[in-house]
Amino acid sequence: MRILSGIQPTGILHIGNYLGMMRPAIALQDLETNEAFYFIADYHALTTIDNPETLRANSRRVALDFLACGLKVDRGALFRQSDVPQVTELAWILSTVTPKALLERATSYKDKVARGLPASAGLFTYPVLMAADILIYDSDLVPVGKDQKQHLEMTRDMAQKFNETFGEGLKLPEPYIQTATETVPGIDGQKMSKSYGNTIDIFAEEKEMRKQVMSIVTDSTLVEAPKDPASSTIFQLYSLFASKEETEHMREKFQRGGSGYGEFKKELFAKLWEYFEPMRKRRAEILADPDYIDAVLERGARRANEIADTVMKRVRAAVGL
Ligand code: AMP
Ligand code: TRP
């Protein structure tokens with residue numbers, strides 16, 4: 001099976017990215033018959049970043065962090081979206097069979113404009129480029145968080161429309177969304193997101209990560225009183241990283257009363273710090289070898305181009321180019 005996913009290099013990766021997309025994506029590499037194509041969506045990031053230095057630096061950083069989190073380079077390809085420029089050609093072709101009304105239904109476009117992003121044509125047609133990203137590799141499965149579900153449905157609609165118009169040609173992908181981690185809450189209890197400033201960052205310095213965890217918003221239940229684990233962001237996050245036994249232990253402590261939220265936050269911080277320890281180590285190793293990332297990206301681009309060229313040959317023939 002070919003697995004594909006992308007991540008925008010728009011900032012620092014947080015544990016919502018990690019649990020919603022990266023961890024499932026990395027786990028899918030364990031099956032020997034899977035080939036994983038993971039890319040850095042730098043064309044997409046142009047809808048929000050207009051500083052070339054920032055884009056370049058962020059792209060490298062995402063590659064570094066993804067590798068540090070355990071991406072296995074021998075089980076697939078890690079590459080930059082822009083190293084496969086054919087994807088913009090496919091996006092154009094798809095746009096000619098995409099009803100404008102389909103794009104007008106996209107909630108992420110409306111959300112982004114509501115948050116103040118410029119309503120550019122690129123932002124509006126973002127889902128068409130995303131569909132091209134997926135379809136150009138004949139992808140079977142796309143691990144993403146829930147916020148990308150609609151984009152996946154739109155991708156299938158576009159592929160179907162293309163196939164109806166030009167005969168069979170594009171493979172319909174399936175989304176792969178882990179229910180337990182489909183929407184990871186941020187420190188204010190809303191969806192964790194860079195743009196809400198409510199993140200816990202995977203590779204934050206110890207002091208910074210502690211500060212982020214200690215800022216989790218809680219209710220005013222007294223220390224002695226029993227607390228509801230299900231509605232607590234602290235408990236939810238803890239359960240996503242701790243073992244079953246550890247989670248049960250914290251649940252009991254919540255329900256028993258006698259422990260304050262501050263204590264639970266300290267436990268959560270300790271768990272997170274321990275969990276990401278091997279990744280921080282690996283990250284330091286990669287940083288010590290400056291050519292490593294370039295070599296990985298180059299190899300990834302070569303492999304991705306092979307597949308993209310084959311699919312584009314098929315597509316061009318189908319439409320008469
Ligand atoms: P973004 O940083 O918004 O480009 O997201 C990159 C990937 O992480 C996408 O697959 C998102 O669905 C996923 N993701 C981002 N934030 C969260 C979250 N709070 N919970 C679950 N998944 C998330
Ligand atoms: N839109 C995705 C996000 O913001 C990133 C992305 C671009 C993507 N192309 C993709 C994800 C293709 C999966 C498949 O997170």
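In each ligand, atom 1 is the first atom listed, and ligand 1 is the first ligand listed. Residues: numbered from 1 along the sequence shown. What you see is a predicted model, and the numbers here were worked out from it, not measured in a lab.
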**Q** Answer yes or no: does an N/O atom from M192 fall short of 3.5 Å to an N/O atom of ligand 1?
**A**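 The answer is yes, given that M192 and ligand 1 share an N or O pair closer than 3.5 Å.
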
**Q** Should the proximity of E182 to ligand 1, defined as any heavy atom under 4.0 Å, be assigned to the side chain, the backbone, both, or neither?
**A**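 For E182, only backbone atoms sit under 4.0 Å from ligand 1.
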
**Q** Are any of the N or O atoms of D147 closer than 3.5 Å to those of ligand 1?
**A**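 N/O-N/O distance under 3.5 Å: yes.
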
**Q** Decide whether an N or O pair under 3.5 Å exists between N17 and ligand 1.
**A**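 Checking ligand 1 against N17, an N or O pair does fall under 3.5 Å apart.
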
**Q** Between F276 and Y18, how do the two ring planes meet: parallel, tilted or perpendicular, split at 30° and 60°?
**A**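 The rings of F276 and Y18 stand perpendicular, inter-plane angle above 60°.
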
**Q** Any ion pair linking E277 and R280 (charged N to carboxylate O, less than 4.0 Å)?
**A**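 The answer is yes: the pair qualifies as a salt bridge.
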
**Q** With nothing but distance in play, are any N or O atoms of H151 less than 3.5 Å from an N or O of ligand 2?
**A**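 By distance alone, the answer is no.
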
**Q** For S193 and ligand 1, does the shortest N/O to N/O distance drop below 3.5 Å?
**A**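 The answer is no, given that S193 and ligand 1 share no N or O pair closer than 3.5 Å.
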
**Q** Could you check which of F39, Y43, Y126 puts a non-hydrogen atom nearest to atom 1 (N) of ligand 2?
**A**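 Among F39, Y43, Y126, the closest heavy atom to atom 1 (N) of ligand 2 comes from Y126.
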
**Q** Only heavy atoms of M21, strictly under 4.0 Å: list the atoms of ligand 1 that pass.
**A**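 The atoms of ligand 1 under 4.0 Å from a heavy atom of M21 are 7 (C), 8 (O), 10 (O).
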
**Q** With a cut-off of 4.0 Å, which atoms of ligand 2 are near a heavy atom of V144?
**A**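 Checking each atom against V144, I get 13 (C).
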
**Q** Determine, for D138 against R2, whether the closest basic-nitrogen to carboxylate-oxygen distance falls under 4.0 angstrom.
**A**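 Looking at R2 together with D138, the answer is no, because their closest N to O distance does not fall below 4.0 Å.
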
**Q** Taking both backbone and side-chain atoms of Q148, is any N or O found less than 3.5 Å from an N or O belonging to ligand 2?
**A**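 Yes; at least one N/O pair falls below 3.5 Å.
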
**Q** Which atoms of ligand 1 are found less than 4.0 Å from any heavy atom of H14?
**A**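 Listed by number with element, the hits are 16 (N).
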
**Q** Considering the heavy atoms of V144, write down every atom of ligand 1 situated less than 4.0 Å from one of them.
**A**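 Within the 4.0 Å cut-off of V144, ligand 1 contributes 10 (O).
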
**Q** Quick one: do R303 and E35 make a salt bridge, cutoff under 4.0 Å?
**A**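 Between E35 and R303 there is a salt bridge, with a charged N closer than 4.0 Å to a carboxylate O.
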
**Q** Out of F66, Y38, Y137, which one pairs with F79 under the ring pair (Phe, Tyr, Trp, His ring centres under 6.0 Å) rule?
**A**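 Only one option passes, and that is Y137.
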
**Q** Taking the basic N atoms (NZ, or NE/NH1/NH2) and the acidic carboxylate oxygens, is any pair closer than 4.0 Å for R56 and D42?
**A**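 Judged by the 4.0 Å cut-off on N to carboxylate O distance, R56 and D42 do not form a salt bridge.
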
**Q** Taking only Lys NZ, Arg NE, NH1 and NH2, and the carboxylate oxygens of Asp or Glu, determine whether K281 and E285 approach each other closer than 4.0 Å.
**A**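 Salt bridge between K281 and E285, a charged N being under 4.0 Å from a carboxylate O: no.
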
**Q** For G145, is at least one N or O under 3.5 Å away from an N or O on ligand 1?
**A**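 Yes: some nitrogen or oxygen of G145 is under 3.5 Å from one in ligand 1.
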
**Q** Return yes or no for this condition: an N or O of Q8 is under 3.5 Å from an N or O of ligand 2.
**A**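 Checking ligand 2 against Q8, an N or O pair does fall under 3.5 Å apart.
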
**Q** Of all the atoms in ligand 1, which lie at a distance below 4.0 Å from a heavy atom belonging to Q148?
**A**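 The list of qualifying atoms is 12 (O).
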
**Q** Below 4.0 angstrom from a heavy atom of T183, which ligand 1 atoms are there? Numbered from 1 as shown, please.
**A**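 By the 4.0 Å cutoff, the relevant atoms are 20 (N), 21 (C).
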
**Q** Below 4.0 Å, non-hydrogen atoms only: which portion of I7 touches ligand 1? Side chain, backbone, both or neither.
**A**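 Just the side chain.
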
**Q** Checking contacts here: is it the side chain or the backbone of I134 that comes within 4.0 Å of ligand 2, counting heavy atoms only? Could be both or neither.
**A**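 For I134, the contact with ligand 2 is made by the side chain alone.
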
**Q** Under the side chain to side chain donor-acceptor pair (under 3.5 Å) criterion, do S108 and Q150 qualify, and how do the steps go?
**A** CA-CA 9 Å; S108 85; Q150 191 189 29; 5.9 Å; no

**Q** How does L129 reach ligand 2, by side chain, by backbone, by both or by neither, if only non-hydrogen atoms under 4.0 Å count?
**A**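 The answer is neither.
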
**Q** Going by an N to O cut-off under 4.0 Å, is there a salt bridge joining R61 and D65?
**A**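 D65 and R61: salt-bridged.
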
**Q** Where on L13 is there a heavy atom closer than 4.0 Å to ligand 1, on the side chain, on the backbone, on both, or on neither?
**A**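 Neither; nothing of L13 gets under 4.0 Å from ligand 1.
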
**Q** With the threshold set at 4.0 Å, does a side-chain nitrogen-carboxylate oxygen contact exist between E246 and K271?
**A**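 A salt bridge is present here (some side-chain N lies under 4.0 Å from a carboxylate O).
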
**Q** Show me which atoms of ligand 1 lie under 4.0 Å from any heavy atom of G20.
**A**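 Those atoms are 21 (C), 22 (N).
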
**Q** With a cut-off of 4.0 Å, which atoms of ligand 1 are near a heavy atom of T181?
**A**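 Checking each atom against T181, I get 21 (C).
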
**Q** Closer than 4.0 Å to some heavy atom of K194 - which atoms of ligand 1 meet that?
**A**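 So the atoms of ligand 1 that pass are 2 (O).
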
**Q** Indicate yes or no: does R302 engage D83 in a salt bridge with an N to O separation below 4.0 Å.
**A**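 No, R302 and D83 are not salt-bridged.
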
